[in-house]
Amino acid sequence: MTILEDRPSNPAAGDHDRPIGHGRMQRKEDPRFVRGKGHYVDDIVLPGMLHGAILRAPVAHARLVSIDTTEALAHPKVLAVITGSDLQALGLAWAPTLSMDIQAVLVTDKVRFQGQEVAFVVAEDRYAARDALELIQVEYDVLSPVVDARKAMDPDAPIIRDDLEGRTDNHIFDWEAGNKAETDAVFASADVVVKQEIVYPRVHPAPMETCGAVADFDAVEGRLTLYETTQAPHAHRTLFAMVSGIPEHKIRVVSPDIGGGFGNKVGIYPGYILAVVGSIVTGKPVKWVEDRSENLMSTSFARDYIMQGEIAATRDGKILALRTNVLADHGAFNATAQPTKYPAGFFHIFTGSYDLAAAHCTVTGVYTNKAPGGVAYACSFRVTEAVYLVERMVDILARKLEMDPAELRLKNFIKKEQFPYPNKTGWEYDSGDYEPTMRLSMKMAGYDELRREQKEKRERGELMGIGISFFTETVGAGPRKDMDILGLGMADGAELRIHPTGKAVVRISVQSQGQGHETTFAQIVAEEIGIPPEDIDVVHGDTDQTPFGLGTYGSRSTPVSGAAVALVARKVREKARFIAAAMLETRPEDLEWEKGRWFVKGDPSVGKTIAEIAMGAHGTVALPEGIDGNLDAEVTYDPPNLTFPFGAYICVVDVDPGTGHVKVRRFIAVDDCGTRINPMIIEGQIHGGLTDGVGMALMEFIEFDAEGNCLGGSFMDYLIPTAMEVPDWETGFTVTPSPHHPIGAKGVGESATVGSPPAVVNAVVDALSPFGVVHMDMPCTPARVWEAMQGRTRPPV
Amino acid sequence: MQIPAPFDYVRASSVDNALALLDRHGPESRVVAGGHSLLPMMKLRLARPDWLIDINDLFELDYLLVDGPVLRIGAMTRHTTLLESDDVRRLFPIISDAERVIADPIVRNRGTIGGSLCQADPAEDLSTVCHVLEAVAVVRGPAGERMLSMADFHRGPYETAVAQNELLIEVRIPIRTGSASAYEKVERRVGDWAVAAAGASVTLAADGTISQVAVGLTAVGLDRNVTEVEAVLIGQAPTEALFVEAGLLASRSCDPLADQRGPVDYKRHLADELTRRVLRAACRRAAASASDTTTQEG
């Protein structure tokens, strides 16, 4: 029998070093995943468990005339059929969204997007539940839909949200950042101004595991246990308490292994609520797991921003100002997940990595007859859209000025000595040193040689493109003085216990969906108290087992919970000092720390290891005043600022001039996420994000027809990239620590998703420049590229 | 999990047993081979057979055989087998070209030539290939076997001449000396349906002129070969000017529909572009094999 400790060390992973702390090591959680021992929501089977299925609307906009459930209820295996009017009677037909709007749990009055939830069947097995959906008779009175966001504010546009009192249009919000007057003045006197409409089309996170829940309501105890695919178990517990009236101490939310989130599993979907209602109604546990089409058609999409960009510069290439007006399609309910103060997320970091004199943006959100959502797909609260805008605009400016795009960027970077850098829209960038990162990416790429090759190929009629993107992210939400979600501050807790034998358990409030928390957080503790990561268990995802916190999204786990874990470990280390002093009969100030051990200054042979101190704490050592008999601690961490990771990406593409097919030949990614805890996990995150980026740039797109039918409702129609579409990633790094984070780490989970799409599109546009193409919108499918070559670029929406 | 409508399932043990099962279970029974088209349609409840007759145990239909002047391919031959066959690569490079771009290895390990031809999806590659190679389909039913040309076999999108109580059991492809072939496809992503594709087969006479030619198109609304090109190409020495003319004829003969894969003019352009490419490649291969019969091009 092979036990885990016998795993051969993998020199490529570097884990033969067995770091006691930060460093390259294989992920502690992977053995269970690669052996098929992961435990996901759909693996949960409870005694007597029933199965739910959702009937969804076949049209985008329609008045509900009638629902007849008689036949479905007559199905021998069906126990309940729940409709909107049933929920209305319970006061549960509508639920609050994360953006202070409300969303229908089941349709009561009107269908507002295709795929919306209409009825819920509970049956003995999932097959019967699905079959019974076909027995429900629904009559719809079809209305004309609002599909094009550009027409949502037309005077004659149908009003989608007539459920909201006094609503006379489809307008949701107007929001702005920066100084309009200053920006307009800079534009008015600038040598060069270029404008471009840039569309970031609607895409979907499409996690491998779709959303689902198992609800188990114990009527005797009044207790709800809810197993859910959620990235934020604690926030969900609080929201369920607010919505359902079940007191919060009687609710336990468990998020077991999660097969990818990317923002798709932040919100509370009607299916989760329906599973709970189903369990209350039947008195049995109810499982609901959506299928792939349901996931793609009804759960949180991403992007859908139509951006009018303008950039101003001097003739010699000094960028002066940026401004943009954005039209944001939020779908039928405003259900984006972001801090309350920021209806457009962190889009106002659209000034990017450049030192500008002025900047101004406005964002207008509108309702359309499409699925709700908007902040998802590893976007760092809309930094994806912001980076795409600025990095495309800078390339367009470079073309106008006939400057090399690398040179233009280098000329305009915020300088190292300007950090901490206050940008023109209210951010304070914590740290940065952009030029060495840019230069490293150019060196790895062989940038000058690539340009020479491109020139030769152009002379032969071959289309080769080189695209650059330099991004600055803002991640790790966030300081409680600035941000909250539905009134909940965005702090994270951590608890650390050292058992008497020196083994540890750390309980965290963030939830892994594949990011490697069980390894990274063990390594953070290991670095601080000097016991091996193998001896530290990371507990997460169960609200009964872990301290409160807001969950994993927006690359916030390491910036917020990582800081909490480092601080709680330091607290334990400091407590250990007092206990060690008691054990050594000396004063705490006479002790010195080396990794894993307190020893007497000037006499290193006399000391106590963490394990010895833990045994002492739980043993009979006479403890000093104020020190409890344990080696445990807890903290709640409120970050003083966000962190600002950055990176330089270079993409090389070849375009087939006869077919328009784009081949990504090379991709060089140099990331700076501050202190690197586990470089192998970081590389994995980068590889995944780059693949996402190639997918969005080349193929991903949720399209709707004129009737509002979703044309991206399966993986046959919604294309995601495979290993065949991506090159071998060439990754590099620089390290510029965050000055305010306890270990100098920044987030990295979304950097590559944010940074890579503009690099790919810039490369495609560069390849097409012999045809006079200045811009083309994603996705760069063969047909759209060919149309661009014919001088007929068109927006995707 | 996407859940199909209720159905019954039975595994056939032989061709005769499969035919008997089809007969017994009637019009609402369907044969499943690789299942890569039928099962997704069932999961989306677009196909709702009462009975699924699984013919994956019919190893008797899994063979590739050079039999005198024909290559005989059993209907249950998997895509992978075709892709990996040296005989196929040598005799009919168009099949190897097409197989390389049919979905991905996972699908190719399971999908069969018989399933592909019987599904008759307009974006299906092997139907075009078989048209171009003038293949003959061998169909067996209660009344015995019948041999159908591709023109008779393939009746249009999703429609073939195989009756409900019949099975396609073999595909026969005539071997011609001095001939070569090629296939090329444009797709948005590996595994997506073709935006468009083209295949060509060419036989060169001893003097280097074209003595036989066939060009077929995939996914652009043409269920037959582009017969118009024959008059232009036959008897001529292959030149770029001829290929350009053939490309124009192909682009005019097809009738594509606009969809998410592209507009009509783009698809017509691809019919033109890809016709030129496959004719060029097929002629180059034919010339190469004529000048050096010991060197085989892949």
Side-chain angles (χ1 to χ4, degrees), chain A residues 42 51 53 125-131 133-134 210 212 287 289-295 656-662 694-695 698-705 711-726 779-790 792 794 796, chain B residues 1-7 36-37 39-46 48 100-107 121 123 184-198 219 243-244 247 256 258-278 280:
Chain A
D42 205 11
H51 295 263
D125 60 57
R126 60 174 68 185
Y127 303 95
R130 178 66 183 75
D131 290 344
L133 296 183
E134 296 180 352
T210 59
K287 176 186 280 186
V289 178
E290 69 190 1
D291 68 27
R292 179 61 60 190
S293 293
E294 294 181 285
N295 179 257
D656 183 328
T659 66
H661 185 268
V662 176
V694 167
L698 298 187
M699 63 192 77
E700 297 187 35
F701 176 34
I702 300 187
E703 197 173 358
F704 292 83
D705 68 13
L711 305 180
S714 81
F715 278 161
M716 292 183 280
D717 302 306
Y718 187 76
L719 301 178
I720 53 174
T722 72
M724 303 299 288
E725 280 76 38
V726 296
C780 301
T781 60
R784 293 174 52 78
V785 170
W786 180 79
E787 286 184 307
M789 289 161 66
Q790 313 303 308
R792 289 190 275 126
R794 59 186 169 90
Chain B
M1 185 166 105
Q2 277 168 307
I3 297 169
F7 65 93
H36 279 289
S37 298
L39 298 188
M41 284 166 65
M42 287 172 66
K43 286 180 175 186
L44 294 168
R45 300 198 174 204
L46 297 172
R48 312 174 68 119
R100 200 171 291 120
V101 294
I102 290 175
D104 54 45
I106 300 162
V107 173
D121 189 302
E184 188 168 337
K185 170 156 88 170
V186 172
E187 52 190 356
R188 294 180 299 176
R189 189 204 65 188
V190 168
D192 186 26
W193 276 280
V195 181
F243 301 152
V244 168
D259 60 16
Q260 288 174 280
R261 288 172 189 80
V264 168
D265 59 351
Y266 174 62
K267 293 184 178 183
R268 280 193 193 280
H269 163 77
L270 286 184
D272 172 5
E273 174 75 29
L274 296 177
T275 293
R276 280 183 277 134
R277 288 186 186 190
V278 292
R280 209 179 287 141

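Just so it is clear: chains get the letters A, B, ... in the order the sequence lines come, proteins before strands, and each one is counted from 1. Here the structure is a predicted model, which means the values were calculated and not measured.
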Under a 4.5 Å heavy-atom cutoff, which of A/L698, A/V662, A/T210, A/L711 has the most pairs with chain B? A/L711
Rounded distance [0.5 Å steps], OH in B/Y266 versus CE in A/M789: 9.0 Å
Side chain from CB out, backbone as N, CA, C, O: work out which of these in A/E134 comes under 4.5 Å of a heavy atom of chain B, or both, or neither. side chain
Which residue out of B/P6, B/P40, B/G191, B/A196 racks up the most heavy-atom pairs below 4.5 Å with chain A? B/P6
So for B/D104, is it side chain, backbone, both, or neither that comes closer than 4.5 Å to the heavy atoms of chain A? neither
What closest approach, in Å, do B/E187 and A/P782 show between heavy atoms, and which atom pair accounts for it? O-CG, 4.0 Å
Let me know if A/M716 has heavy atoms under 4.5 Å from chain B in its side chain, its backbone, both or neither. both
Name the region of B/V186, side chain, backbone, both or neither, that has any atom closer than 4.5 Å to a heavy atom of chain A. side chain
Minimal non-hydrogen separation, B/L44 against A/S293, with atom names: CD2-OG, 4.1 Å
Would you give the length of the straight line joining atom CD of B/Q2 to atom CD of A/E290, rounded to the nearest 0.5 angstrom? 10.5 Å
A/F715 atom CZ, neighbour heavy-atom count above 12 within 6.0 Å: yes
Residue of the set A/T781, A/L719, A/D717 for which side chain to side chain contact (heavy atoms under 4.5 Å, CB included) holds with B/D192: A/L719
Take B/V195 and A/H661 through the test side-chain contact (heavy atoms from CB on, under 4.5 Å) and record every step on the way to the result. CA-CA 11 Å; B/V195 181; A/H661 185 268; over 6 Å; no
Rounded distance (nearest 0.5 Å) linking atom CD of A/E725 with atom CZ of B/R189: 6.5 Å
Heavy-atom contact with chain A under 4.5 Å, split by part of B/I3: both
Part of B/R261 lying under 4.5 Å from any heavy atom of chain A: both
Might you work through the side-chain contact (heavy atoms from CB on, under 4.5 Å) test for A/Y718 and B/Q260, ending with a clear yes or no? CA-CA 10 Å; A/Y718 187 76; B/Q260 288 174 280; over 6 Å; no
Using only heavy-atom distances, determine whether the side chains of B/E273 and A/T659 contain a donor-acceptor pair under 3.5 Å. no
Do you know which two heavy atoms are closest between A/A783 and B/G262, and how far apart they sit? CB-CA, 3.6 Å
Shortest non-hydrogen contact from A/D131 to B/P4? OD1-O, 4.4 Å
When rounded to the nearest 0.5 Å, the distance separating CZ of A/R130 from NZ of B/K43 is 13.0 Å
Under a 4.5 Å heavy-atom cut-off, does chain B meet the side chain of A/I720, its backbone, both or neither? both
Quick one: what part of A/R126 sits under 4.5 Å from any heavy atom of chain B, side chain, backbone, both or neither? both
Hey, could you give me the NZ/CH2 distance between B/K267 and A/W786, rounded to the nearest 0.5 Å? 12.5 Å
Does any backbone or side-chain atom of A/D656 lie under 4.5 Å from a heavy atom of chain B? Answer side chain, backbone, both or neither. side chain
A/P721 versus chain B, the contacting section by heavy-atom distance below 4.5 Å: backbone
